[in-house]
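Worth knowing before you read on, the calculation uses all heavy atoms, side chains too, and leaves out hydrogens, waters and symmetry mates.
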Amino acid sequence: VQLQASGGGLVQAGGSLRLSCVASTNGEVISVMGWYRQAPGKEREMVASATRGNTAYYGNSVKGRFIISRDNAKNTVTLQMSSLEPDDAATYYCAACSQTLCNMNDFGDYWGQGTLVTVSA
């Protein structure tokens, strides 16, 4: 499985940004797909994940501001980020799990290359 993330950039605080990730699976079924982030000097943080049925799970810091959605036909997952705060600035990584049972808080069997999100105050 290969993951390709896109959509990062610079946004003002309070603004919105949309991240996308497309998976090349070679027929492998992705059970859980989503996003982590890591800011300099901080630990990696799970942001959001979604099952094939679009059941979503969010990290506490983004609940109510971010929305994750999957398109199984296109093997994509998107993260719509709103009301962005300076603390949201980080490199965002797309990740996926293809096991039968995946932990929606720990699903990093496969990783994308990361896309940088910068939030100006």
Side-chain angles (χ1 to χ4, degrees):
V1 175
Q2 294 184 331
L3 303 174
Q4 181 70 40
S6 61
L10 172 64
V11 63
Q12 287 187 331
S16 299
L17 206 59
R18 182 182 178 93
L19 305 183
S20 296
C21 176
V22 59
S24 300
T25 68
N26 291 319
E28 199 163 350
V29 176
I30 302 296
S31 300
V32 174
M33 201 169 176
W35 299 89
Y36 288 81
R37 69 187 181 186
Q38 188 166 22
K42 295 186 178 181
E43 293 187 356
R44 186 177 64 198
E45 176 186 14
M46 197 288 295
V47 177
S49 60
T51 66
R52 289 183 60 80
N54 266 310
T55 296
Y57 180 76
Y58 296 96
N60 288 334
S61 62
V62 306
K63 284 180 180 177
R65 299 187 298 121
F66 292 10
I67 298 174
I68 188 170
S69 62
R70 283 183 65 173
D71 184 330
N72 295 321
K74 297 180 180 179
N75 276 329
T76 60
V77 64
T78 60
L79 184 69
Q80 179 65 47
M81 305 185 292
S82 302
S83 301
L84 283 161
E85 304 167 353
D87 282 349
D88 294 316
T91 298
Y92 283 69
Y93 296 91
C94 179
C97 171
S98 61
Q99 301 175 47
T100 302
L101 294 176
C102 297
N103 185 329
M104 294 188 73
N105 196 43
D106 183 11
F107 52 92
D109 289 348
Y110 304 101
W111 294 89
Q113 84 284 8
T115 185
L116 181 63
V117 173
T118 304
V119 183
S120 62

Could you go through the side-chain contact (heavy atoms from CB on, under 4.5 Å) check for Trp35 and Cys21 one step at a time? CA-CA 9 Å; Trp35 299 89; Cys21 176; 3.6 Å; yes
Inter-residue atom distance Lys63.NZ - Ser61.OG, 0.5 Å rounding: 10.0 Å
Could you tell me whether the side chain of Val1 reaches within less than 4.5 Å of the side chain of Ile30, counting heavy atoms only? yes
Sequence neighbours left out, what passes salt bridge (Lys or Arg N to Asp or Glu O under 4.0 Å) with Arg37? Give chain and number order. Glu45, Asp88
Atom of Lys42, atom of Gln38 and distance for their closest heavy-atom approach: O-NE2, 3.1 Å
Could you measure the distance from the OG atom of Ser24 to the CG atom of Asn75? Nearest 0.5 Å is fine. 8.0 Å
For Ala50, does its backbone N or O pair with a side-chain atom of Arg70 as donor and acceptor, under 3.5 Å? yes
Using ring pair (Phe, Tyr, Trp, His ring centres under 6.0 Å) as the criterion, list what pairs up with Phe66, not counting sequence neighbours. none
Thr76, Val77, Asn72 screened by side-chain contact (heavy atoms from CB on, under 4.5 Å) with Lys74, the one that passes: Thr76
For residues 49-58, which residue pairs pass the side-chain hydrogen bond (donor to acceptor under 3.5 Å, both in side chains) check, not counting sequence neighbours? none
Give a yes or no on whether Ile67 and Val47 share a hydrophobic cluster (residues Ile, Leu, Val, Met, Phe, Trp, Tyr; joining criterion: side-chain heavy atoms under 4.5 Å apart). yes
List the atom pairs, donor and acceptor, that lie under 3.5 Å between side-chain atoms in residues 2-19 and the rest of the protein, sequence neighbours left out.
unit_1	atom_1	unit_2	atom_2	d
Arg18	NH1	Gln80	OE1	3.3

Check Ala56 against Ile68 and note the closest heavy-atom contact, atom names and distance. CB-CG2, 3.6 Å
Answer yes if Val117 and Trp111 sit in the same cluster of Ile, Leu, Val, Met, Phe, Trp and Tyr residues linked by side chain heavy atoms under 4.5 Å apart, and no otherwise. no
Could you give all pairs that pass the salt bridge (Lys or Arg N to Asp or Glu O under 4.0 Å) test and reach residues 107-117, with sequence neighbours left out? none
Rounded distance [0.5 Å steps], CD in Glu85 versus OG in Ser83: 7.5 Å
Does any N or O in the side chain of Tyr110 come within less than 3.5 Å of the main-chain N or O of Ser98, such that one atom is a donor and the other an acceptor? no
Step by step, would you call Thr78 with Ser69 a side-chain hydrogen bond (donor to acceptor under 3.5 Å, both in side chains)? CA-CA 5 Å; Thr78 60; Ser69 62; 2.8 Å; yes
Do Val32 and Gln99 have side chains that get closer than 4.5 Å, going by heavy atoms? no
Closest non-hydrogen contact found for Ala89 with Ala39 is O-CB, 3.6 Å
Please enumerate all residues that pass side-chain contact (heavy atoms from CB on, under 4.5 Å) together with Thr91, with sequence neighbours excluded. Tyr93, Leu116
Please report the C-alpha distance between Phe107 and Met46 in whole Å, then the side-chain angles of each, then the deciding distance to 0.1 Å, and finally whether the side-chain contact (heavy atoms from CB on, under 4.5 Å) criterion is met. CA-CA 9 Å; Phe107 52 92; Met46 197 288 295; 3.6 Å; yes
